[in-house]
Number of protein chains: 2
Amino acid sequence: MRSEFEFIQHIKKQYSLSAIGDDCAVLPKDSDTDNVVTTDMLVETIDFRLDWTTPELLGHKALTVSLSDIAAMGAAPRWAMLSIGVPEELWTTDFLDRFYDGYIQHAKRARVELIGGDVSRSPDRLVIDSIVGGEVPKGKAILRSGAKTGDAIVVTFRLGGAAGGLRLLQNGRRLTDDLESWEANLINMQLQPWPQLGTGPFLQQIGVISSMIDISDGVSSDLLHICNASGVGARLDREKIPIDPNLYHLWPSPDEQWNAALNGGEDFELLFTLPSDQVPQLAENMIGGNDHGLFTVIGEITSNPGIIEVVRDGRTEILEPHGFQHFE
Amino acid sequence: MRSEFEFIQHIKKQYSLSAIGDDCAVLPKDSDTDNVVTTDMLVETIDFRLDWTTPELLGHKALTVSLSDIAAMGAAPRWAMLSIGVPEELWTTDFLDRFYDGYIQHAKRARVELIGGDVSRSPDRLVIDSIVGGEVPKGKAILRSGAKTGDAIVVTFRLGGAAGGLRLLQNGRRLTDDLESWEANLINMQLQPWPQLGTGPFLQQIGVISSMIDISDGVSSDLLHICNASGVGARLDREKIPIDPNLYHLWPSPDEQWNAALNGGEDFELLFTLPSDQVPQLAENMIGGNDHGLFTVIGEITSNPGIIEVVRDGRTEILEPHGFQHFE
């Protein structure tokens, strides 16, 4: 069966839709600025479960998924729209008020104005489409297609936390339980992710980033998008992957931790590339630049198109993309 | 229970979201131009049924609903995005290919480029969110809020056809049946509506239109949106309502035809107001301006806030909004 990604490539090619294929679409605004726009659909039971979260946190996350795409272009968000299909039984509760409360509190912090949307009925499942527009200096949006052989591959903060939170929720743990702090940390990574709003534009401004994507499907899948768009490959150093330390309590085995960090989606960290000789400059500039205060070089771009290698204990393995993909 | 409209008014007021409330949001682009953006969600079984239409026609209609909002601002469409949640059983057929084919053929005719979107999984129902952006000369977007007492109320082409088509589909008639021409006409009005893409910008350019909306919920509901936004009322002349002539075969009773024309949604015609003394100028300019070649003056704006009167055989009745509204 075709994957989502394959289908999108197919219609892009069939209809010559050259603009499709990055975290955001880029549109000219004026002589100094480009607009960027993104849309993300969240469907109940596929992307979230109402009994695992709160309406406020769901509102927060619905905005985060799109804000993260804006950050991944090096852009700053400006406006948002929200289409929502609501089942009858939710309409009669305070769900919508609480959902919008979480959404709009997050929007205010992100300095994004909700300018429109659509409130519709849905027969049984809640459906949310989150749309955000932003701005970036003209011609400066950071695309997936600019990675070059020899570039360093960098990620922000830590990986795997959202996957750990998902596992805890699947195991029946809830925010309302009496949680250990590591459990609460992981579940919060899953239910209330924060986009890298400061880091995205900061990386754009320093002017040396060659490609960028946000980690929504997992490092293995998202890095492959960069490799495919750039016609390159990648080599990761498994020991360098910044694993969320809370995962140790959930998965004492390092292999499981690495699996979560490489293949777990929804961390909403940024993955980017830059010439290796610019890494020291990045380190110098990073104070105050990264929302979470950390960048980690996890590997380098190779000339092996579409192949991601992982170096582990001196041996090299080929990484298959196992990140979250629909319809596989 | 709160209606959709009441809920939107509620969050607009609660969070001081002044930009919300027209067919499109308006954003500054550059010194000459404003951007407009709209989003419309269509949910299977609520807004469409797969066994009543074809994938191509559904793709066409998904774009029309948003193009119509762009036209209602007097704007020209420029780009489109599409988020779609697809059940597993459709993913294994040619549904998506045919859906995108209908969508993109329509986009090419409308000179709109599909620049992005999201393809996602849905557990059981198809969900579509259609997003279109457009442009209008700076400060010239036609809002719902400009209607003045004494203005003429005008609609494009004819009304009620889409409601007639819906009834035929509800009665079991299908495009694949051996249809009478009036049946085919009505069903096509429902399944393959065309937006007033030429008329919207034409009306903007003549510079005398005081307010405008597209007829998606029905004249009674959509005119009330204009009245509420403008702080005025309206008086309609029932004899002037341009009823789709195909409706005669479905509903020989004039009352039923009027009901469909006033309360039936999804005609995607434009309803607008202008000073009465400008109506002759509109008539002079209309050659080539209206996609369908027809405007009809159906009444006038009154100073009676929020009240829509209908004059019938010399008597005046108050019209309650009965257009298509979710959650009522």
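Naming: A, B, ... by sequence-line order, numbering from 1 per chain.
Ring geometry for His10(A) versus Phe7(A): interplanar angle of 30 to 60°, hence tilted. Ring orientation note: the planes of Phe5(B) and His225(B) are tilted relative to one another, at an angle of 30° to 60°.
Contacts between Val37(B) and chain A at a heavy-atom distance below 4.5 Å involve backbone atoms as well as side-chain atoms. Of the two parts of Asp124(B), only the side chain, counted from C-beta on, holds a non-hydrogen atom closer than 4.5 Å to a non-hydrogen atom of chain A. For Met81(A), the part lying under 4.5 angstrom from a heavy atom of chain B is the side chain only. Contact annotation for Leu114(B): both backbone and side-chain heavy atoms come within less than 4.5 Å of a heavy atom of chain A. With a threshold of 4.5 angstrom between heavy atoms, Glu135(B) does not approach chain A through any atom at all. Lys108(B) touches chain A through its side chain: at least one heavy atom from C-beta onward sits under 4.5 Å away, while N, CA, C and O do not. Using a 4.5 Å cut-off between heavy atoms, Ile11(B) contacts chain A through its side chain alone, with no backbone atom that close. In this structure, the portion of Leu27(B) lying under 4.5 Å from any heavy atom of chain A is its side chain and not its backbone. Neither the backbone nor the side chain of Asp22(A) comes within contact range of chain B, judged by heavy atoms closer than 4.5 Å.
Annotation: maximal heavy-atom pairing with chain B below 4.5 Å, among Ile84(A), Asp101(A), Asp118(A), Asn35(A), occurs at Asp118(A). The candidate from Thr45(A), Leu42(A), Val127(A) with the greatest count of non-hydrogen atom pairs under 4.5 Å with chain B is Val127(A). Chain A forms more heavy-atom pairs under 4.5 Å with one residue of Asp97(B), Thr33(B), Asp30(B) than with any other, namely Asp97(B). Among Ile20(A), Asp32(A), Val43(A), Leu82(A), the residue making the largest number of heavy-atom pairs under 4.5 Å with chain B is Ile20(A). No other option in Ala25(B), Gly116(B), Ser83(B), Pro28(B) has as many heavy-atom pairs under 4.5 Å with chain A as Ser83(B).
Taking a cutoff of 4.0 Å between a charged side-chain nitrogen and a carboxylate oxygen, Asp34(B) and Lys138(B) qualify as a salt bridge.
Side chains of Ser130(B) and Asp40(B): no donor on one and acceptor on the other come within 3.5 Å. In this model, no donor atom of one side chain and acceptor atom of the other lie less than 3.5 Å apart for Asp23(B) and Thr38(B).
A heavy-atom distance below 4.5 Å is found between the side chains of Trp91(A) and Val119(A). Side-chain atoms of Leu63(A) and His106(A), non-hydrogen and from C-beta on, do get closer than 4.5 Å to each other. For the pair Phe268(B) and Ile215(B), the minimum side-chain heavy-atom distance is 4.5 Å or more. Proximity of Leu191(A) to Lys61(A): side-chain heavy atoms (C-beta onward) are nowhere separated by under 4.5 Å.
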